[in-house]
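All of these numbers come straight from a predicted model, not from anything done at the bench. Chain A is the first sequence line, chain B the second, and so forth, proteins listed ahead of strands; every chain is numbered from 1.
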Amino acid sequence: MPELPEVEVLARHLRPLLLGQTIRGVDIRRPQVLLPTDPAAFQRRLLGATFTGLQRRGKYLLFELRHARTPLTLLGHLGMTGRMYLAPRRDPLPKHTAVVLRLGARNFIYEDTRYFGRLTLDLASAEKLGPEPDQFTPAQFHAKLKTSRQAVKVKLLDQTLMAGVGNIYASEALFRAKISPRRAAGTVSGPRARTLLTAIRAVLQEAIDSGSTIPLNFAGKKTDGLFYFGRAATASEYYTERLNVYDRAGKPCNHCQFPIKRIVQAARSTFFCGQCQKD
DNA sequence: AACGCCGCCTGATCGC
DNA sequence: TGCGATCAGGCGGCGT
């Protein structure tokens, strides 16, 4: 699932490709991904607009455009299965294409198998986000954790606490910090909160540096037609190969060899080492 | 007001 | 074998 590193790598990939491009056509195949923006308003406001920039905020993409002299922002989210990429104008559209922005020689394609993502002119959801992981002091982070009795793993998924951490990197950061995912957030001490914040930043940065966990725009089967972003040249160099706990239930811990555990918290899988993460 | 729970979706996997 | 049931999961909305 795309989290902060995947979205950051995607933003870096798309930014130079989109800059200066003008939207000449807007095809809406799945209107629900625009919500709450009305499809007619979406088309009217985007047609003729030119891309002037692309930012990332948490797991969101902020497409900056100008229409005549009026600036506007388009908000993108990949949900679970979303992909956004440029493809030649004449390429057939994938089965689960949600929106196509026609840019001339190329199309900007947003496809999403489960349609959990968004491409909308409503910015409200991005405005609720907590700070980026690198814009937090350890004291602020500790203060936020203190107010919660939820398990710390569950709390890390709360985007209003901190933006960008999802299910994969929450487990990975807790392993690195040697903190049990079951510990109540409010009982994490000041020094442990500092350690956790450092671990979160390190895990996210390493994933960005290795080109994110997964290729984000592969078409069709996983083994076919891969188009990689970032520095890695092959799938084995992606961050997936560096994950210590995520999706490794039953496999030996890379540190102590004990089998990695899988538990369910708030209806989501958590992976951790019961030996290394006792507090 | 923090928190639990549901609905949204499809494809992979499971069970009989 | 084949097919229906179950599950996964980010996030908004809603109820407590």
Side-chain angles (χ1 to χ4, degrees), chain A residues 1-8 10 28-38 56-62 75-84 93-99 110-130 132-133 141-173 181-188 200 204 207 212-214 216 218-224 240 243 245-250 262-271:
Chain A
M1 52 235 73
E3 304 181 27
L4 185 154
E6 288 71 32
V7 179
E8 177 62 29
L10 178 58
I28 300 164
R29 299 276 223 84
R30 288 280 177 162
Q32 76 253 44
V33 303
L34 310 179
L35 290 173
T37 300
D38 172 70
R56 179 195 57 74
R57 177 80 173 90
K59 304 178 196 175
Y60 289 88
L61 290 166
L62 294 160
L75 187 70
H77 195 289
L78 298 173
M80 294 290 299
T81 52
R83 296 181 195 121
M84 296 182 186
L93 297 177
K95 181 178 180 183
H96 296 296
T97 300
V99 177
Y110 166 37
E111 63 163 308
D112 192 339
T113 307
R114 293 182 197 171
Y115 306 105
F116 278 7
R118 281 289 183 277
L119 194 62
T120 179
L121 292 168
D122 183 272
L123 308 181
S125 48
E127 288 161 1
K128 296 172 191 162
L129 295 174
E132 294 287 312
F141 183 52
H142 184 225
K144 284 244 200 177
L145 290 177
K146 264 188 169 173
T147 65
S148 173
R149 276 162 295 179
Q150 279 182 309
V152 60
K153 154 61 164 49
V154 175
K155 204 62 198 165
L156 288 181
L157 301 180
D158 178 356
Q159 301 299 296
T160 68
L161 170 73
M162 174 165 50
V165 176
N167 207 37
I168 295 174
Y169 299 109
S171 283
E172 291 298 318
R182 293 174 160 135
R183 171 170 284 279
T187 69
V188 176
I200 290 167
L204 296 175
S212 87
T213 299
I214 47 167
L216 291 171
F218 59 82
K221 293 171 185 166
K222 201 173 183 181
T223 51
D224 190 31
T240 309
L243 295 175
V245 289
Y246 185 79
D247 208 20
R248 293 195 66 240
R262 174 187 181 272
I263 59 174
V264 175
Q265 296 179 293
R268 285 171 191 89
S269 296
T270 298
F271 300 89

Axis-to-axis angle for the helix from B/dA2-C/dT16 to B/dC16-C/dG2, ends of five pairs each, to 10°, equals 50°

A/Asp247 CG to C/dA8 P, straight-line distance once rounded to whole Å: 12 Å

Polar atom pairs between nucleotides 3-6 of chain C and protein, under 3.5 Å, N or O only, would you list them?
none

Identify, with sequence neighbours excluded, every residue that meets side chain to side chain donor-acceptor pair (under 3.5 Å) alongside A/Asp38. none

Atom-to-atom span, CD of A/Gln265 to P of C/dG10 - whole angstrom: 13 Å

Nucleic acid contacts of residues 147-161 of chain A, taken as heavy-atom distances under 4.0 Å to DNA chain C: A/Gln159

Taking side chain to side chain donor-acceptor pair (under 3.5 Å) as the definition, give me every residue that meets it alongside A/His96, ordered by chain and number, with sequence neighbours left out. A/Tyr115

Under a 3.5 Å distance rule, please check whether A/Lys59 uses its side chain to pair with a backbone N or O of A/Glu6 as donor and acceptor. no

For A/Glu3 and C/dC11, give me the distance from atom CD to atom C1', rounded to whole Å. 14 Å

Do any of residues 114-122 of chain A sit with a heavy atom less than 4.0 Å from DNA chain C, and if so which? A/Arg114, A/Phe116

Kindly write out the residues that satisfy side chain to side chain contact (heavy atoms under 4.5 Å, CB included) with A/Thr187, not counting sequence neighbours, or none if the list is empty. A/Arg183, A/Ala184

Looking at side-chain heavy atoms only, is the closest gap between A/Glu172 and A/Val245 below 4.5 Å? yes

Rounded to whole Å, CD of A/Gln32 lies from P of C/dG10 at a distance of 19 Å

Between C1' of C/dC11 and NZ of A/Lys59, the distance in whole Å: 9 Å

Interface polar pairs with nucleotides 13-16 of chain C, N/O, under 3.5 angstrom:
none

Tell me what A/Asn167 touches on the nucleic acid: a base, only sugar-phosphate, or nothing, going by heavy atoms under 4.0 Å. sugar-phosphate

I'd like to check the side chain to side chain contact (heavy atoms under 4.5 Å, CB included) partners of A/Pro94; sequence neighbours left out, ordered by chain and number. A/Tyr85, A/Thr97, A/Ile109, A/Glu111

Starting at atom CG of A/Leu35, determine the distance to atom C1' of C/dG12, rounded to an integer number of angstrom. 11 Å

Need two values: the first and the last nucleotide of DNA chain B, 5' to 3', having an atom under 4.0 Å from any heavy-atom of chain A. B/dC3 to B/dG11

Results of side chain to side chain donor-acceptor pair (under 3.5 Å) for A/Thr81 - residues two or more places apart only: A/Asp112

Just the rounded figure in Å: distance from P of C/dC11 to CG of A/Leu75. 11 Å

For A/Leu4 and C/dC11, give me the distance from atom CG to atom P, rounded to whole Å. 11 Å

Partners of A/Phe271 by ring pair (Phe, Tyr, Trp, His ring centres under 6.0 Å), sequence neighbours excluded? A/Tyr246

